[in-house]
Amino acid sequence: MNAIEVKKGVYWVGAIDWDIRNFHGYTTNRGATYNAFLIIDEKITLIDTVKNTFADELIARISSIIDPAKIDYIVSNHVEMDHSGALPEVMKVAPNATIVTSSPQGMKGLMAHYGEFNYMAVKPNETLNIGSRTLRFVPTPMVHWPDNMVTYCPEEKILFSNDSFGQHYASNGRFDDEEPFDIIMEEAQKYYANIVLPYSKQAATAVNIVKDLDVEIIATSHGVIWRSHVKDIFEAYEKWTSLQSGENALIVYDSMWHSTEKIAKAIEKGFASKGVTTEVYDLKETHISDIMTRIIDAKYLAVGSPTLNNGYLPTVAGFLCYLKGLSAKNHLKAFAFGSYGWGGQSIGMVEQDLIACGYDICLDKIRIQYIPSKEQLDKITEDVANLVDSE
Ligand code: FEO
């Protein structure tokens with residue numbers, strides 16, 4: 001369990017979670033890391049810890065550099081337990097450490113989780129001298145909890161960004177230039193869409209603050225450390241936080257006897273006929289967190305469900321519930337569709353949920369009883385093509 005040098009005297013001492021496949025409902029198909037960093041200076045400082053089940057891994061990596069008992073400060077940028085969970089174990093081997101946390105939310109959260117320790121609550125932009133280096137604590141509330149802050153070290157030009165700029169991605173490479181760029185950006189987008197998106201306004205404020213700092217390295221708490229693509233991830237965050245509409249059409253549905261599926265294909269044909277890049281997802285086959293990732297690049301969203309027991313299918317209900325929770329009130333153009341036998345309530349319910357997400361309904365809901373005829377499908381294709389033309 002060796003530490004990895006990030007810069008002279010600054011080490012990655014985190015943990016790699018190769019096996020995790022679900023992070024509170026978000027599928028982590030490529031695993032995850034919990035990054036923690038050790039700074040060797042007059043005051044030995046640990047930035048964040050790891051999930052509690054990886055405490056031994058963290059302590060072993062710290063021990064490969066110094067005796068953990070010498071740790072003076074532990075900066076807790078974020079209370080969530082993937083970063084603070086190992087605090088009790090670390091405090092056993094570093095009993096003289098002071099835990100630095102944001103005031104008042106970090107203090108409140110850590111006390112609730114772990115009880116009394118020696119805490120130091122810091123105010124926004126407060127600095128801490130640790131010898132030849134300074135640490136500045138910049139609040140980033142709601143990215144991703146109220147307590148969040150990032151820690152900036154101007155002498156090293158390192159931003160310890162915690163959840164911001166993260167990706168759930170387990171790998172041998174610790175740095176962005178050691179792993180495939182397209183994959184880490186895809187994972188960064190998935191992370192943004194599934195964790196940060198509802199707090200895009202707060203994230204935009206945070207990005208504006210940190211982009212004015214002189215940053216050479218973003219030492220995020222999840223995934224690879226950014227050193228060669230700092231500009232790329234800043235630019236991506238500027239785009240994502242702006243909630244600009246994408247260009248694609250996203251069609252998301254489930255079907256019982258293929259009628260709603262036929263409508264989905266007719267809608268796809270309409271968008272494709274006008275050159276709109278279209279993605280179609282059957283909720284039986286694709287996880288909602290992967291579909292959520294694609295929302296960022298969408299301009300149009302069509303959601304379909306047949307009617308089952310006077311409501312929508314549970315898969316569609318789950319997707320809409322997740323979508324509403326993560327909705328950033330950006331202005332997607334959306335509409336509902338589906339087949340039914342007699343009641344037909346599902347389509348109106350889908351439409352109401354899309355309205356609740358803050359989306360603009362751009363097409364009357366499409367309701368087809370039993371099996372859609374060729375004429376009905378052609379009319380749907382034509383209506384969708386006209387919708388694109390009318391933009
Ligand atoms: Fe990576 Fe909000 O915890």
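Fair warning: this is a prediction, and the values are worked out from it, not measured in the lab. Side chains included, hydrogens not; waters and symmetry mates left out as well; all remaining heavy atoms used. Both ligands and their constituent atoms are indexed starting at 1 by order of listing.
Salt-bridge annotation for E238 and K211: present, with a side-chain N of the basic residue lying under 4.0 Å from a carboxylate O of the acidic one. Ion pairing between a basic and an acidic side chain is recognised when a charged N comes within 4.0 Å of a carboxylate O; E261 and K284 show no such pairing.
Put simply, D82 stays out of reach of atom 2 (Fe) of ligand 1, with no N, O or S atom under 2.8 Å from it. Using a cut-off of 2.8 Å, one finds that H144 contributes an N/O/S atom close to atom 2 (Fe) of ligand 1. In summary, no N, O or S atom of H78 is located under 2.8 Å from atom 1 (Fe) of ligand 1.
D163 contributes atom OD1 as its closest N/O/S atom to atom 1 (Fe) of ligand 1. Counting just the N/O/S atoms of E80, the one with the shortest distance to atom 2 (Fe) of ligand 1 is named OE1.
Each of K51, H222, H78 was evaluated against H83; a single residue qualifies, H222, per the side chain to side chain donor-acceptor pair (under 3.5 Å) test.
Using modelled atom types, one side-chain atom of Q376 and one backbone atom of S373 make a donor-acceptor pair closer than 3.5 Å.
Seen from atom 1 (Fe) of ligand 1, atom NE2 on H83 and atom NE2 on H222 lie at an angle near 90° (rounded to 10 degrees).
A cation-pi arrangement is found for R227 relative to F175, the charged atom lying closer than 6.0 Å to the ring centre and inside a 45° cone about the ring normal.
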